[in-house]
*Asks:* 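Quick one: the structure is below, and I'll ask about it shortly.
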Amino acid sequence: MASRIPELLDRLRSPRIFVVGDIILDRYVWGSVNRVSPEAPVQILNVGREEFRAGGAANVARNLVSLGARGGCAGVVGADEGGRLITGLLRRERINTSGLIVDRNKPTSVKTRMLAHNQQMLRVDRERTDPITGTTERRLAAACVSAARRFDAAIVSDYNKGTLTRGVCQSLIRSFNKEGRPV
């Protein structure tokens with residue numbers, strides 16, 4: 001099936017591609033370093049600007065849209081500021097977010113990169129990687145089933161953050177296979 005994907009994409013003018021996986025908010029903090037802290041031997045970053053970007057599966061969907069596809073994204077975000085930010089970023093890129101499941105018990109994965117003078121100094125990760133369960137898993141699996149009727153192909157984007165459980169993957173593959181669409 002994988003060898004057929006380039007051929008299928010060539011035949012489609014604007015393919016509808018569904019990306020399911022770990023949704024990550026990438027945060028970049030740029031600044032300058034002019035001194036070392038008197039409290040510890042660490043550099044002090046004087047922040048100049050911050051930027052948020054779609055990461056993980058959300059970045060895959062974003063890249064596909066930039067290449068001309070119509071994209072949809074599914075995964076889990078928290079009921080938090082990170083979840084609201086990543087959802088807004090995707091919507092601004094005209095990416096279908098109906099497959100995003102909000103889970104109050106699992107915060108949005110946020111990766112913060114501190115950069116100075118074009119060099120990454122530190123990365124701080126805020127995340128919980130335990131697998132989704134219960135209602136969240138069932139809702140995400142249902143989103144995959146529904147997507148199989150509306151999208152031409154699916155991409156699985158796993159960063160090992162607990163989104164892609166056996167049940168979610170089985171629902172995705174079974175549903176898209178039933179419709180004759182590649183995963």
Side-chain angles (χ1 to χ4, degrees), residues 1-2 5-6 8-9 15-28 52-80 82-113 123 125-179 181-183:
M1 181 70 73
I5 291 176
L8 292 169
L9 293 178
R16 296 167 300 173
I17 302 178
F18 183 68
V19 180
V20 60
D22 297 304
I23 306 299
I24 299 170
L25 179 64
D26 286 337
R27 177 179 173 223
Y28 292 85
F52 293 94
R53 297 180 188 169
N59 187 46
V60 174
R62 190 182 146 285
N63 288 335
L64 288 165
V65 168
S66 76
L67 294 170
R70 288 177 285 156
C73 197
V76 178
V77 297
D80 52 27
R84 288 183 288 281
L85 283 169
I86 192 73
T87 301
L89 287 170
L90 290 170
R91 287 180 178 156
R92 278 192 288 285
E93 297 279 343
R94 298 179 188 252
I95 296 168
N96 181 312
T97 60
S98 63
L100 292 184
I101 308 301
V102 177
D103 184 339
R104 295 189 182 286
N105 298 314
K106 189 169 175 104
T108 304
S109 290
V110 179
K111 300 193 176 301
T112 302
R113 293 161 179 88
R123 189 175 97 182
D125 293 356
R126 290 181 184 212
E127 61 191 6
R128 281 196 23 221
T129 60
D130 48 311
I132 60 171
T133 59
T135 303
T136 299
E137 183 180 27
R138 286 189 296 278
R139 288 180 62 209
L140 185 55
C144 292
V145 171
S146 175
R149 294 185 298 269
R150 298 177 293 135
F151 289 88
D152 301 311
I155 293 178
V156 176
S157 181
D158 191 0
Y159 288 78
N160 203 28
K161 306 299 178 201
T163 301
L164 293 170
T165 63
R166 177 180 292 274
V168 168
C169 290
Q170 287 175 338
S171 292
L172 175 76
I173 293 167
R174 191 177 307 119
S175 301
F176 273 77
N177 284 343
K178 180 179 174 187
E179 298 292 332
R181 300 196 166 124
V183 176

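The analysis underlying the following values was restricted to heavy atoms, covering all of them including side chains, and did not include hydrogens, waters or symmetry mates. These figures come from a predicted structure and were not determined experimentally.
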*Asks:* Using 0.5 Å steps for rounding, measure from the OH atom of Tyr159 to the OG atom of Ser109.
*Replies:*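 Between Tyr159 OH and Ser109 OG, I get 11.5 Å after rounding to 0.5 Å.
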*Asks:* For the pair Ile132 and Leu140, evaluate side chain to side chain contact (heavy atoms under 4.5 Å, CB included) and give the outcome as yes or no after the intermediate values.
*Replies:* CA-CA 9 Å; Ile132 60 171; Leu140 185 55; 3.8 Å; yes
*Asks:* Has the side chain of Arg113 got a donor or acceptor atom that lies under 3.5 Å from a matching backbone atom of Asp26?
*Replies:*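 Flag not set: sc Arg113 to bb Asp26 has no pair under 3.5 Å.
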*Asks:* About how many Å separate OG of Ser66 and CG of Leu64, when rounded to the nearest 0.5 Å?
*Replies:*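 Answer rounded to 0.5 Å: 7.5 Å.
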*Asks:* Determine, for Lys111 against Asp125, whether the closest basic-nitrogen to carboxylate-oxygen distance falls under 4.0 angstrom.
*Replies:*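 Looking at Asp125 together with Lys111, the answer is yes, because their closest N to O distance falls below 4.0 Å.
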*Asks:* Got a sec: does the CZ of Arg84 have more than 12 other heavy atoms crowding it under 6.0 Å?
*Replies:*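 Yes.
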*Asks:* Can you label the angle between the Phe18 ring and the Phe151 ring as parallel, tilted or perpendicular, going by 30° and 60°?
*Replies:*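 If you compare the ring of Phe18 with that of Phe151, the planes turn out tilted.
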*Asks:* Listing request: all salt bridge (Lys or Arg N to Asp or Glu O under 4.0 Å) pairs with a residue in residues 158-171, at least two apart in sequence or in separate chains.
*Replies:*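 Qualifying pairs: Glu127-Lys161.
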*Asks:* Going through the distances and angles, do Leu100 and Leu90 end up as a side chain to side chain contact (heavy atoms under 4.5 Å, CB included)?
*Replies:* CA-CA 10 Å; Leu100 292 184; Leu90 290 170; 4.0 Å; yes
*Asks:* Atom CG of Leu89 and atom CD1 of Ile23: how far apart are they, to the nearest 0.5 Å?
*Replies:*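 Spacing of CG (Leu89) from CD1 (Ile23) equals 11.5 Å.
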*Asks:* Answer yes or no: is there a side-chain heavy-atom contact under 4.5 Å between Val168 and Thr163?
*Replies:*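 No, every pair of side-chain atoms sits at 4.5 Å or beyond.
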*Asks:* Atom OG1 of Thr133 and atom CZ of Arg138: how far apart are they, to the nearest 0.5 Å?
*Replies:*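 Rounded to the nearest 0.5 Å, the OG1-CZ separation comes to 8.5 Å.
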*Asks:* Enter the distance from Ser157:OG to Leu164:CG here, rounded to the nearest 0.5 Å.
*Replies:*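 Between atom OG of Ser157 and atom CG of Leu164 there are 8.0 Å.
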*Asks:* Suppose we screen for side-chain hydrogen bond (donor to acceptor under 3.5 Å, both in side chains). Which residues come up paired with Arg53, at least two apart in sequence or across chains?
*Replies:*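 Partners of Arg53 under the side-chain hydrogen bond (donor to acceptor under 3.5 Å, both in side chains) test: Glu51.
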*Asks:* Give the intermediate values and the outcome of side chain to side chain contact (heavy atoms under 4.5 Å, CB included) for residues Thr112 and Val110.
*Replies:* CA-CA 6 Å; Thr112 302; Val110 179; 3.9 Å; yes
*Asks:* Quick one, Asn96 with Arg91, criterion side chain to side chain contact (heavy atoms under 4.5 Å, CB included). Give me CA distance, side-chain angles, the key distance, then yes/no.
*Replies:* CA-CA 7 Å; Asn96 181 312; Arg91 287 180 178 156; over 6 Å; no
*Asks:* With no hydrogens and no angle check, is any side-chain donor or acceptor of Ser146 less than 3.5 Å from a backbone partner on Ala143?
*Replies:*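 Checked: no pair found.
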*Asks:* Going from CG on Asp103 to CZ on Arg139, what distance comes out if it is rounded to the nearest 0.5 angstrom?
*Replies:*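 Between Asp103 CG and Arg139 CZ, I get 8.5 Å after rounding to 0.5 Å.
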*Asks:* May I ask you to decide if Gly56's main-chain N or O and Asp22's side chain share a donor-acceptor pair within less than 3.5 Å?
*Replies:*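 Side chain of Asp22 to backbone of Gly56, a donor-acceptor pair under 3.5 Å: no, none is there.
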